[in-house]
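To start, the structure under review is shown below, and the notes come after it.
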2 protein chains.
Amino acid sequence: MKLSESEENYIKCIYHLHVPGQGVSATLLAASVQTKAASVTEMLKRLSRKKLINYKPYHNFTLTELGNKIALEVIRKHRLWEYFLVEKLGFDWHEVHTIAEELEHISSKELIHRLEAFLGSPSFDPHGDPIPDRFGKMKTVRQTCLSEIPEKKLVTVNAITDQSATMHELLKHYGIHIGTKIKVNRHFSFDGSVEIKINKQPLITLSRKAAQYIFCTI
Amino acid sequence: MKLSESEENYIKCIYHLHVPGQGVSATLLAASVQTKAASVTEMLKRLSRKKLINYKPYHNFTLTELGNKIALEVIRKHRLWEYFLVEKLGFDWHEVHTIAEELEHISSKELIHRLEAFLGSPSFDPHGDPIPDRFGKMKTVRQTCLSEIPEKKLVTVNAITDQSATMHELLKHYGIHIGTKIKVNRHFSFDGSVEIKINKQPLITLSRKAAQYIFCTI
DNA sequence: AAAAAAATTTAGGTAAAGCTAAAAAATAAA
DNA sequence: TTTATTTTTTAGCTTTACCTAAATTTTTTT
Ligand SMILES: [Mn+2]
Ligand SMILES: [Mn+2]
Ligand SMILES: [Mn+2]
Ligand SMILES: [Mn+2]
């Protein structure tokens, strides 16, 4: 089935907004795809007609099996392109998302298949998100947000879930990136800030706001 | 100026159809972009409004300076992507055009700039067509079609202007590709066929139809 | 259980990009 | 230079994907 760029973006957003059990609401989706609720309703009818979502007017909706499969295909393309942009073209990881937002809609299957091989079949994109394989399967890593790691534990950063330039600036300043080994020294419950140590560097204190976007494996 | 995919395709087609002096006709363009003449007229009005073409109803039209610049940008992207697909992803040259037809519309300037560097700033795409640099300048090679090369001359293939799978099959069979050195042995004026020799291989006779798409430098 | 608020859909509109059929203009033939 | 043919444009319609404003349904508060 050949979908439009818009349809693909909606499907992908529904996938990302979905939390097991609840289904997705129209207002949330509207904000997510940057349109108005009325436009979302129209699209929902179309996606429903194409059997990509389960939809009853006035109720939350979910992706069908087919919709889910398509979402994973788009996400796979998005993340492989992001990996390409960072690893091959030398982009910083916070610059690649917007470009991948376009590249993810290039339709050739053969292209993405060869791109994957060219990149060495990576399992994670530059932000640490898992890349679905051609069957839609993703590696699941048990990862915990930095503010929830017990004191004295030594962990490895493996995902950053805020991709803004400002977050990038902060991380760069402290020399934190995917793969960095961090020892959690202390949590301050007053403001949720966390004191950490990287290698032999002096101690660093990160705010709760920053720590909550840094995910690690133990 | 942000143009739609359609607008870019039209502009590029006008560029390719243009022969110095005449300007381009609506019927030719219609065939070229695979639409009907009526649709072309509508687009011409839009492109004219945007100052991309010089257009008077019922007359042939040409690209403006701006239109020309944009055409070259799209062609630059198209050919750089084709080069990428062949050189990095290992596609055969006859498979890449359709994919590049989509990739050429990805908007990021930074992307194409980095892609070019990554590829080593190639001057020619896999079909032998010159790649415009970021100022729109192209290397011009004086090249002659194989059926017009004088007898006994030794030449080098540097462009194939038919990219069909069938042409690819024929060239592969004879071991002809860009860079192949060919000695023109004899022309038969009866049917325009040409007898050639490659290295120490046995003589080959190419039809006029095939020879006319093989361009060489002396 | 009503009333108020919030979420969602419908109604009516716009712009892009296509289509067919008919009208108009330009070009070629007689 | 008329007439015929071809090319181009107009008119009127369609689909996708948006929009605002109004109506409807669901949910939350009193
Ligand atoms: Mn991304
Ligand atoms: Mn996208
Ligand atoms: Mn091409
Ligand atoms: Mn194109």
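In what follows, chains carry the letters A, B, and so on, assigned in the order in which the sequence lines appear, proteins first and then strands, with residues in each chain numbered from 1.
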Distance test, side-chain N/O of [X] to OP1/OP2 of [N], below 4.0 Å:
X      : N       : result
R46(B) : dA16(C) : no
Y10(B) : dG18(C) : yes
S6(B)  : dA16(C) : no
N60(A) : dT26(D) : no
T27(A) : dT8(C)  : yes

Show me the donor-acceptor pairs, under 3.5 Å and distance only, between side chains in residues 23-37 of chain A and residues at least two apart or in other chains.
| residue | atom | partner | partner atom | Å |
| --- | --- | --- | --- | --- |
| S25(A) | OG | L28(A) | N | 3.3 |
| T35(A) | OG1 | Y10(A) | OH | 3.4 |

N/O to N/O distances under 3.5 Å, protein versus nucleotides 19-21 of chain D:
| residue | atom | partner | partner atom | Å |
| --- | --- | --- | --- | --- |
| dC19(D) | OP2 | K36(A) | N | 3.1 |
| dC19(D) | OP2 | S39(A) | OG | 2.6 |
| dT20(D) | OP2 | K36(A) | NZ | 3.3 |

Measure the distance from [atom1] on [X] to [atom2] on [N] and round it to the nearest whole Å.
X       : N       : atom1 : atom2 : result
Q22(A)  : dT26(D) : CD    : C1'   : 17 Å
H105(B) : dA17(C) : NE2   : P     : 12 Å
L28(A)  : dA6(C)  : CG    : C1'   : 14 Å

Are the side chain of [X] and the backbone N or O of [Y] linked by a donor-acceptor pair below 3.5 Å?
X       : Y       : result
T64(A)  : K51(A)  : yes
H127(A) : W93(A)  : yes
R76(A)  : I131(A) : no

Query raised in the report: E7(A) and salt bridge (Lys or Arg N to Asp or Glu O under 4.0 Å): which partner among K2(A), K50(A), R49(A), K12(A)?
Result: K50(A)
Identify which nucleotide among [options] has an atom closest to any side-chain atom of [X], counting heavy atoms from C-beta outward.
X      : options                  : value
K45(A) : dT10(C), dT9(C), dA24(C) : dT10(C)
Y58(B) : dT9(D), dT7(D), dT24(D)  : dT9(D)
H59(A) : dT26(D), dT8(C), dT9(D)  : dT26(D)

Query raised in the report: Do K88(A) and F118(A) meet the cation-pi criteria used here (NZ or CZ under 6.0 Å from the six-membered ring centre, within 45° of the axis)?
Result: yes
**Report entry** pair L72(A)-K137(A): side-chain heavy atoms closer than 4.5 Å
**Finding:** no
